[in-house]
Amino acid sequence: MYKRSFLDISSLKREEIDGLVRLAARLKAEKKAGIEQQYLQGKNIVLLFAKDSTRTRCSFEVGAFDQGARVTYIGSSGSQMGKKESIEDTARVLGRMYDGIEYRGYGQEIVETLAEYSGVPVWNGLTNESHPTQFLADLLTITEHSDKPLEQIKVCFAGTADNNVALSLMVGCAKMGIEYSAAAPAAYHPDATLVERLRRENGARITISEDVATAVAGADFIYTDVWVSMGEPTEVWAERIERLAPYQVNRRMMELTGNPNCRFMHCLPAFHDLETTVAQEIHRQFGLSEMEVSDEVFESEASIVFDEAENRMHTIKAIMVATLSEQPETTF
């Protein structure tokens with residue numbers, strides 16, 4: 001994968017995804033043992049953030065620092081990209097100065113344009129359509145918490161099954177042979193054409209259902225995300241709450257799996273209490289103290305969300321090493 005961009009899970013082969021996860025597991029073990037080797041000394045990386053983030057920014061920065069690289073962070077108002085300077089021109093400028101570019105923001109076409117014109121590896125930290133770095137962290141977390149072969153694992157997504165996190169999860173599971181199901185209202189089902197293509201091209205086992213019991217039966221992992229994604233207008237909250245309330249991950253849903261070892265996953269941040277200003281405003285308007293997941297499940301032993309959050313760093317580090325370093329020691 002040397003000098004290649006990382007734009008979407010669909011562009012990777014199964015062995016490439018597996019290799020990245022194995023490299024991440026190795027780098028994670030070496031970091032914890034204090035024997036991590038630096039493969040990115042002298043590299044310069046720029047992070048373009050049109051949307052704020054905790055996990056994505058910190059993962060790229062700490063991962064780069066661990067590997068000996070230098071980082072420039074540019075927030076939504078820190079450059080002229082898309083305002084006084086085109087994305088194409090910005091890409092060509094940054095490609096002359098940096099060895100790698102991360103973009104987190106809006107349309108998938110933006111990150112693809114950066115990759116086309118920069119001449120250096122570009123990494124997708126999140127777009128409206130895709131969140132590939134999240135899937136790699138999810139897969140590493142799944143392998144750490146299950147002794148089953150991937151083909152025997154079932155992952156169920158509950159909620160907005162057509163958002164970027166859910167779509168990357170579905171595509172990734174299809175490529176890796178993991179059974180995937182979604183419990184979601186019809187209005188939030190993934191595109192049927194995509195589902196059929198994944199079944200045809202990968203032999204994917206995919207179930208999309210409005211019925212919670214059908215979707216979650218036998219699940220090893222239940223995954224959810226916030227009901228309103230970053231950048232969406234606050235006006236959609238009322239509609240989402242009305243439609244998605246039956247799909248909250250709570251004790252009953254976990255029990256419906258019939259699997260006492262089922263684990264709970266979330267890409268974070270999560271609205272499981274009233275400790276944020278957004279949650280307090282939702283409580284004021286709608287009377288809810290929890291949304292996509294109950295606090296009981298979020299804080300339970302079944303919850304592996306913070307393992308998942310940590311693994312963002314290890315998998316993102318693996319992406320940077322695999323695409324920026326040509327040293328033999330990084331082969332996988």
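Ring pair F60/W123 is parallel by interplanar angle, where below 30° counts as parallel and above 60° as perpendicular.
Atoms CE and OG1, on M320 and T315 in that order, are 10.0 Å from each other to the nearest 0.5 Å. In this structure, the separation between SG on C156 and CG on L256 is 10.5 Å, given to the nearest 0.5 Å. Taken to the nearest 0.5 Å, the CD atom of E16 stands 8.0 Å off from the OG atom of S11. Considering CD1 of I316 and CG of L20, their distance stands at 12.0 Å, rounded to 0.5 Å. Remark: Q248 CD to E290 CD distance equals 5.5 Å, nearest 0.5 Å. To the nearest 0.5 angstrom, W227 atom CH2 is 13.5 Å from N163 atom CG.
Legend: residues meeting side-chain hydrogen bond (donor to acceptor under 3.5 Å, both in side chains) with N44, ordered by chain and number and at least two apart, are R70. F298 meets the ring-ring contact (aromatic ring centres under 6.0 Å, His included) test with H272, F306; sequence neighbours excluded. Partners of H283 by side-chain hydrogen bond (donor to acceptor under 3.5 Å, both in side chains), not counting sequence neighbours: none found. Partners of D211 according to the side-chain hydrogen bond (donor to acceptor under 3.5 Å, both in side chains) rule, which considers only residues two or more places apart in sequence or in another chain, are T214. Residues passing the side-chain hydrogen bond (donor to acceptor under 3.5 Å, both in side chains) test with N311, sequence neighbours excluded: K28, T141, E144.
C262 and A302 make their closest contact through O-CB, 3.6 Å (heavy atoms, listed as atom of the first residue, atom of the second, distance). Residues A115 and L7 share a closest heavy-atom pair of CB-CD1, 3.9 Å. For S294 against N250, the heavy-atom pair with the smallest separation is OG-CA, 3.6 Å. Summarising the geometry of W237 relative to M291, their closest heavy-atom pair is CZ3-SD, 3.4 Å, with the distance given to 0.1 Å. Scanning both residues, G95 and V120, for their nearest heavy atoms gives O-CG1, 3.8 Å. Looking at every heavy atom in both residues, A174 comes nearest to A204 through CB-CB, 3.6 Å.
Annotation for K148: atom NZ counts as buried by contact number, over 12 foreign heavy atoms lying within 6.0 Å. The environment of NZ in K83 is crowded: more than 12 heavy-atom neighbours from other residues, nucleotides or ligands sit within 6.0 Å. The environment of CD in E301 is sparse: at most 12 heavy-atom neighbours from other residues, nucleotides or ligands sit within 6.0 Å.
By the 4.5 Å heavy-atom criterion applied to side chains, M176 and I17 are counted as neighbours. Residues T54 and P269 form no side-chain contact, since every pair of their non-hydrogen atoms from C-beta on lies 4.5 Å or further apart. By the 4.5 Å heavy-atom criterion applied to side chains, I206 and I208 are counted as neighbours. Put simply, the side chain of L94 does not reach to within 4.5 Å of the side chain of S118, judged on heavy atoms.
A salt bridge between D220 and R263 is absent, with no side-chain N of the basic residue lying under 4.0 Å from a carboxylate O of the acidic one. Salt bridge E310/K32: present, at least one basic N to carboxylate O contact under 4.0 Å. Salt bridge annotation for D18-R14: absent, with no cationic side-chain nitrogen under 4.0 angstrom from a carboxylate oxygen. Between R26 and E30 there is a salt bridge, since at least one side-chain N of the basic residue sits less than 4.0 Å from a carboxylate O of the acidic one.
As a member of the Ile/Leu/Val/Met/Phe/Trp/Tyr network built from side-chain separations under 4.5 Å, V62 groups with M313.
Applying the ring pair (Phe, Tyr, Trp, His ring centres under 6.0 Å) definition to pairs two or more places apart or across chains, none involves residues 162-194. Listed by first then second residue, pairs satisfying ring pair (Phe, Tyr, Trp, His ring centres under 6.0 Å) with a partner in residues 1-36 number zero, not counting sequence neighbours. Sequence neighbours left out, the pairs with a member in residues 35-48 that pass salt bridge (charged side-chain N to carboxylate O under 4.0 Å, His left out) are E36-K317. Applying the salt bridge (charged side-chain N to carboxylate O under 4.0 Å, His left out) definition to pairs two or more places apart or across chains, those involving residues 161-179 are E179-R205. The salt bridge (charged side-chain N to carboxylate O under 4.0 Å, His left out) analysis of residues 238-259, with sequence neighbours excluded, yields the pairs E232-R240, E239-R243, R251-E296. The list of salt bridge (charged side-chain N to carboxylate O under 4.0 Å, His left out) pairs with a residue in residues 126-136, not counting sequence neighbours, is empty.
No donor-acceptor pair closer than 3.5 Å links the side chain of S76 to the backbone N or O of A50.
Using modelled atom types, one finds a donor on one side chain and an acceptor on the other under 3.5 Å when comparing N124 with Q108. Between the side chains of R4 and T323, no donor N or O sits under 3.5 Å from an acceptor N or O. No donor-acceptor contact under 3.5 angstrom links the side chains of E292 and T224, judged on distance only. Of the N and O atoms on the side chains of D138 and Y223, at least one donor lies less than 3.5 Å from an acceptor on the other residue. D307 and H145 form a side-chain donor-acceptor contact under 3.5 Å, judged by distance and modelled atom types alone.
Residues L198 and L150 are members of one and the same hydrophobic cluster, defined by side-chain heavy-atom contacts under 4.5 angstrom among Ile, Leu, Val, Met, Phe, Trp and Tyr. When the side chains of ILVMFWY residues are joined at heavy-atom separations under 4.5 Å, either directly or via intervening members, L274 and F286 end up in two distinct hydrophobic clusters. V122 and Y117 are assigned to two separate hydrophobic clusters, defined by single-linkage of ILVMFWY side chains at heavy-atom distances under 4.5 Å.
Y98 pairs with exactly one of I45, L47, T72, V71 by the side chain to side chain contact (heavy atoms under 4.5 Å, CB included) rule, that one being T72.
Within the cation-pi definition used here (under 6.0 Å to the ring centroid, within 45° of the axis), R57 does not qualify as a partner of F49.
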